[in-house]
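Okay, structure first, notes after.
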Amino acid sequence: MLFHDEEQGHIIIGEAVINLAVSHKEININSLIIELGTMAEGDASDSRLAQIADARRWLKAYAETSPRNREELRWLSASSHLGLTRRES
C-alpha cells in the first residue's frame with residue numbers, strides 16, 4: 001500500500017467498510033471511495049484528511065489496475081449470466 005502509515009490506512013478503509021455495512025449499502029471499490037469522501041467532509045484533522053486522501057488514491061489506483069475492470073474480460077460475466085461454463089463459451 002502507498003499509505004504514509006500502512007496500518008492507519010487499513011483502519012481508515014475498515015472504518016469505511018463498517019460505515020457502509022451498518023447502512024446496509026453495497027461494499028465495493030467505488031462505494032468505498034465515495035464513503036471515504038464523505039468521511040473527509042466531516043473531519044477537521046489535517047493528518048486524518050491526509051490518511052483518507054492516501055486511502056482514496058490507493059483504492060482508485062487499485063480500481064484502475066483491477067482485471068475485473070478490463071474490457072476484454074467482460075465476456076466472463078456475460079457467459080456466467082447465460083449459464084455457460086468456460087469450455088462452452
Side-chain angles (χ1 to χ4, degrees):
M1 291 188 157
L2 301 175
F3 301 119
H4 293 133
D5 178 352
E6 189 172 323
E7 184 177 326
Q8 189 62 35
H10 290 292
I11 292 169
I12 297 285
I13 291 176
E15 185 180 332
V17 168
I18 291 171
N19 290 345
L20 291 170
V22 168
S23 301
H24 303 288
K25 294 180 182 175
E26 183 176 348
I27 300 169
N28 58 46
I29 294 172
N30 290 330
S31 65
L32 284 169
I33 292 168
I34 292 167
E35 180 61 27
L36 287 166
T38 302
M39 289 167 53
E41 290 173 1
D43 217 306
S45 164
D46 288 343
S47 64
R48 184 160 163 88
L49 289 174
Q51 292 164 345
I52 290 171
D54 280 350
R56 291 185 79 201
R57 262 191 302 278
W58 183 82
L59 284 169
K60 287 177 182 179
Y62 179 81
E64 291 171 4
T65 60
S66 173
R68 291 174 292 187
N69 293 331
R70 292 187 7 220
E71 187 63 39
E72 64 267 22
L73 296 180
R74 293 199 188 273
W75 65 271
L76 287 174
S77 63
S79 63
S80 67
H81 289 301
L82 297 173
L84 302 175
T85 63
R86 280 185 150 196
R87 190 172 277 160
E88 294 171 331
S89 60

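Source: prediction; values computed, not measured.
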Note to self: Run the side chain to side chain contact (heavy atoms under 4.5 Å, CB included) test on Ser31 and Asn28 for me, step by step, so that the C-alpha distance in whole Å, both residues' side-chain angles and the decisive distance to 0.1 Å come before the verdict.
What the structure shows: CA-CA 5 Å; Ser31 65; Asn28 58 46; 3.3 Å; yes
Checklist line | Taking every non-hydrogen atom, the tightest pair across Leu32 and Ala16 | finding: CD2-CB, 3.9 Å
Notebook entry, point to check: Going by the salt bridge (charged side-chain N to carboxylate O under 4.0 Å, His left out) test, which pairs reach into residues 9-28, not counting sequence neighbours?
Noted result: Glu15-Arg48
Item checked: Residues in side-chain hydrogen bond (donor to acceptor under 3.5 Å, both in side chains) contact with Asn30, at least two apart in sequence or another chain -> none
Check: At what distance, to the nearest 0.5 angstrom, does CD1 of Ile12 lie from CD of Gln51?
Finding: 5.0 Å
Check: Only one of Ile13, Leu36, Thr38 clears side chain to side chain contact (heavy atoms under 4.5 Å, CB included) with Ile52; which?
Finding: Leu36
Note to self: My understanding is that only residues two or more places apart in sequence, or in another chain, count here; which of them pass side chain to side chain contact (heavy atoms under 4.5 Å, CB included) with Ser47?
What the structure shows: Ser45
Margin query: Would a single hydrophobic cluster contain both Val17 and Ile34, if residues Ile, Leu, Val, Met, Phe, Trp and Tyr are joined by side-chain heavy-atom contacts under 4.5 Å?
Written below: no
Checklist line | Shared hydrophobic cluster, Ile27 / Ile18 (ILVMFWY, side-chain heavy atoms < 4.5 Å) | finding: no
Note to self: Looking at every non-hydrogen atom in both residues, tell me the closest pair between Leu59 and Ile29 and how far apart they are.
What the structure shows: O-CG2, 3.7 Å
